[in-house]
Amino acid sequence: MTTPRRSARRLVRRWWPVALAVPLGAAAGAGYAVVAHPSYSASAYVLVVPQNAGEAATATNFAQAYGRLAGQPQVLAAAAAETGHTLTDLGNLVHGTTSPDAPMIEITGTGTRAQEAAQTADAVARSLVSFANTSSRDTSVRLVTLAPAAAPDKPTTPSGSLDVAVGGAAGLLLGALVMMTRRRGDAEAPVAPGVPEAPEAPEATGPSAPRPRTEEAPARTAAGPAGKAAGKPAEKPGRAEKTADKPAGAAGAEAEPPAKEKAATGSAR
């Protein structure tokens, strides 16, 4: 088998979870884009105008406050009666967005149809303007509709390209996780009981050091009978057996000469 073919098989064996999961994820994203219901979005803009000149900062601060009130029941009550939605449904369909640098509020409405989204945004914008202008004497600002909502040409969601990209990214992540799990499992796999382990190489040992002569040679400095006894080699087992077989009398006879010698030594003294 050639080397390129072997390398290709190795790559396929290692990366097949990723190669399989990415197309499946992209196909799932495309399927979701086809099956999902379309949703349209439209935005209306409300401007906060100060009644006194030179109070632009005050108008910006009130824009932040009224932007938070755009989704509250006291503002949505009139818009719900106009659009026919309940307060809960209308609160889920609209939201307000503000800018920290401009006294402007963006009211965004959503719906299953383009005209419905525009009508929802305009109704909430008019309701917010009416609610804020009832207290304009106290706040010194007024709200006016800057631009009404326009019906969009195409739905905001689903987006075919975005859904395919998200599905492919999810498939890539899932395939990478599967590949990492397989590698960890291969690394932790136990050795089969029938497979013999490789023998270990014997350790290299150097030549043994020569034994010093002082240990080999027996001590010869001892004097007297003790020294002789220490230097005398061990008797042969046959001689020891013969000595043990002798009768007690013979042993006593052999022990007598030393006693006589002691007596002779004493008389001489």
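All values derive from a computational prediction rather than experimental measurement. Computed over heavy atoms, backbone and side chain alike; hydrogens, waters and symmetry mates excluded.
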| Got a second to check how far M104's CE is from D101's CG, nearest 0.5 Å? | 10.5 Å
| Any luck finding a side-chain donor-acceptor pair between E106 and S43 under 3.5 Å? | yes
| said: With rounding to the nearest 0.5 angstrom, report the CD to OG1 distance, Q51 to T139. | reply: 6.5 Å
| Spacing of S127 atom OG and Q74 atom CD [to the nearest 0.5 Å] | 9.5 Å
Which pairs of donor and acceptor atoms, one on a side chain in residues 58-68, lie under 3.5 Å apart (sequence neighbours left out)?
{"unit_1": "T60", "atom_1": "OG1", "unit_2": "A56", "atom_2": "O", "d": "3.1"}
{"unit_1": "N61", "atom_1": "ND2", "unit_2": "A57", "atom_2": "O", "d": "3.3"}
{"unit_1": "Q64", "atom_1": "OE1", "unit_2": "T98", "atom_2": "OG1", "d": "3.0"}
{"unit_1": "Q64", "atom_1": "NE2", "unit_2": "S99", "atom_2": "O", "d": "2.9"}
{"unit_1": "R68", "atom_1": "NH1", "unit_2": "Q64", "atom_2": "O", "d": "3.3"}

| query | Do V166 and L24 share a hydrophobic cluster (ILVMFWY, side-chain heavy atoms under 4.5 Å, transitive)? | reply | no
| note | Between A150 and A42, the two heavy atoms sitting closest are O-CB, 3.5 Å
| message | Test your reading of the model: is there a side-chain donor-acceptor pair from T83 to the backbone of A79, 3.5 Å cut-off? | response | yes
| Pairwise distance CG(L93) to NE2(H85) - rounded to 0.5 angstrom | 5.5 Å
| query | Would a 4.5 Å heavy-atom cut-off, applied to side chains only, mark I107 and L128 as touching? | reply | yes
| task | Quick one: pull up CG in L76 and CG in D89 and give me the separation to the nearest 0.5 Å. | result | 11.0 Å
| task | Can you see which heavy atom on G109 is nearest to which on A121, and at what distance? | result | N-CB, 3.8 Å
| message | Counting C-beta onward and ignoring hydrogens, is there a side-chain heavy-atom pair between E116 and Y40 closer than 4.5 Å? | response | no
| task | Please report the closest heavy-atom contact between G171 and A21, naming both atoms and the distance. | result | O-CB, 3.0 Å
| Between V94 and T120, does a side-chain contact (heavy atoms from CB on, under 4.5 Å) hold up when you go through it step by step? | CA-CA 8 Å; V94 297; T120 301; 3.3 Å; yes
| said: Please find the pair of heavy atoms, one from A80 and one from L87, that lie closest to each other, and give the distance. | reply: CB-CD2, 3.9 Å
| query | Does any non-hydrogen side-chain atom of V144 lie less than 4.5 Å from one of V46? | reply | no
| Between the main-chain N or O of N133 and the side-chain N or O of S136, is there a donor-acceptor pair closer than 3.5 Å? | yes
| query | Quick one: does S130's side chain have a donor or acceptor within less than 3.5 Å of a partner on R126's backbone? | reply | no
| said: Quick one, V49 and L143 - any side-chain contact, counting heavy atoms below 4.5 Å? | reply: no
| Heavy-atom donor-acceptor pair, D122 side chain to A149 backbone, under 3.5 Å | yes
| Is the closest side-chain heavy-atom distance between S39 and T156 below 4.5 Å? | no
